[in-house]
Structure formats: C-alpha cells, structure tokens
> 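Structure provided below as structure tokens; questions to follow.
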Amino acid sequence: MNTENFKNVLKDLRIEKGVKQKEVAERCDVSPQCISQLELGTRSPTGSTLIALAEYFNCSVDYLLGRSDDYAGSKSEPNFFKSELSKTEKELLSAFRALPNDLKAHLVDYAKKLTDLYKAQKR
C-alpha cells in the first residue's frame, strides 16, 4: 500500500469536510491517535478502518488508497448516489453514513416512529 497517497487523501478529505481528527476517530470507532498516525503515514489502516473511513467520507476504498480518481467508486460497487435519489435523499444518506453505528440504530428507530405517526395521522 502506498501510505504517501493514503495519508494525503485522508488529510485532504478531513480538511475539506472541516472536521477535526477527533471527530473522524469517534465516527470511525478508532482512537484520535490512530487518525493522527494514519495522516502522518506512521500507521497503515486495517480493513475495517478503511471501510469506516470510506463510509464516513462517502467515498470508495480505492479512492482513499489512491488507486482511483473516481471519488464514488467503480460501477461494480453499489452506488446509492445515482440519479434516482433526490438531493435531500442523498444528503440524508450521506449524513446517516457519517454516524457511528449506535446512533444509526437510534435514527432508524426514530424514522420508524415518525413514519408510524404519519401513517396514523393520515387515517
């Protein structure tokens, strides 16, 4: 793995998103030291960390690794950002993906409750 590409891509994505290393670490279930070491190139990411980072930044693992210039990934990867989703749906999905798993579960529960409430009001 080319750690030079990875560390630069990771740092650029974090700065572009305007977040601190601590926030990325919390959302990806790793320590802030891990993110710092990844950005310095003194540590290589595990597979699970790569996946978590790709989900957080809503990009492909290949993009993170510098193996592709295609931010969203190849056509063989699932791509939920196709034209059939509205802008609001894309924003919601992106925000959902950036959450840690425990908060994702809370959000799904809340969405189900809102849906049930809406259905009950329409009757």
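Hydrogens, waters and symmetry mates play no part in the numbers below; they use all other heavy atoms, side chains included.
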> Can you name the salt bridge (charged side-chain N to carboxylate O under 4.0 Å, His left out) partners of E26, sequence neighbours left out?
none
> What residues form a side chain to side chain contact (heavy atoms under 4.5 Å, CB included) with K20, not counting sequence neighbours?
none
> Run the side chain to side chain contact (heavy atoms under 4.5 Å, CB included) test against A54 and tell me which residues pass, sequence neighbours left out.
V61, L64
> Under 4.5 Å side-chain heavy-atom separation, chaining through any Ile, Leu, Val, Met, Phe, Trp or Tyr, what else clusters with F96? Say none if it is isolated.
L99, L103, L107, V108
> Sequence neighbours left out, what passes side chain to side chain contact (heavy atoms under 4.5 Å, CB included) with Q21? Give chain and number order.
R14, I35, S36, E39
> List the atom of L13, the atom of C59, and the distance in Å for their closest heavy-atom pair.
CD1-SG, 4.1 Å
> Report the distance from atom CD1 of I51 to atom SG of C28, rounding to the nearest 0.5 Å.
11.5 Å
> Only distances under 3.5 Å count here; give the side-chain donor-acceptor pairs of residues 113-123 to other protein atoms, sequence neighbours excluded, each with its distance to 0.1 Å.
{"from": "T115", "atom 1": "OG1", "to": "A111", "atom 2": "O", "distance (Å)": "2.8"}

> List in chain and number order the residues that pass side-chain hydrogen bond (donor to acceptor under 3.5 Å, both in side chains) with T46, two or more places apart in sequence or in another chain; answer none if no residue qualifies.
S48, T49
> If I take atom CG from residue L10 and atom CG from residue N5, how far apart are they, to the nearest 0.5 angstrom?
12.5 Å
> With E23, which residues qualify under side chain to side chain contact (heavy atoms under 4.5 Å, CB included), at least two apart?
V19, R27, Y56
> Are more than 12 heavy atoms from other residues, nucleotides or ligands located less than 6.0 Å from atom NZ of K17?
yes
> Report yes if the side chains of L38 and L53 come closer than 4.5 Å at any heavy-atom pair, otherwise no.
yes
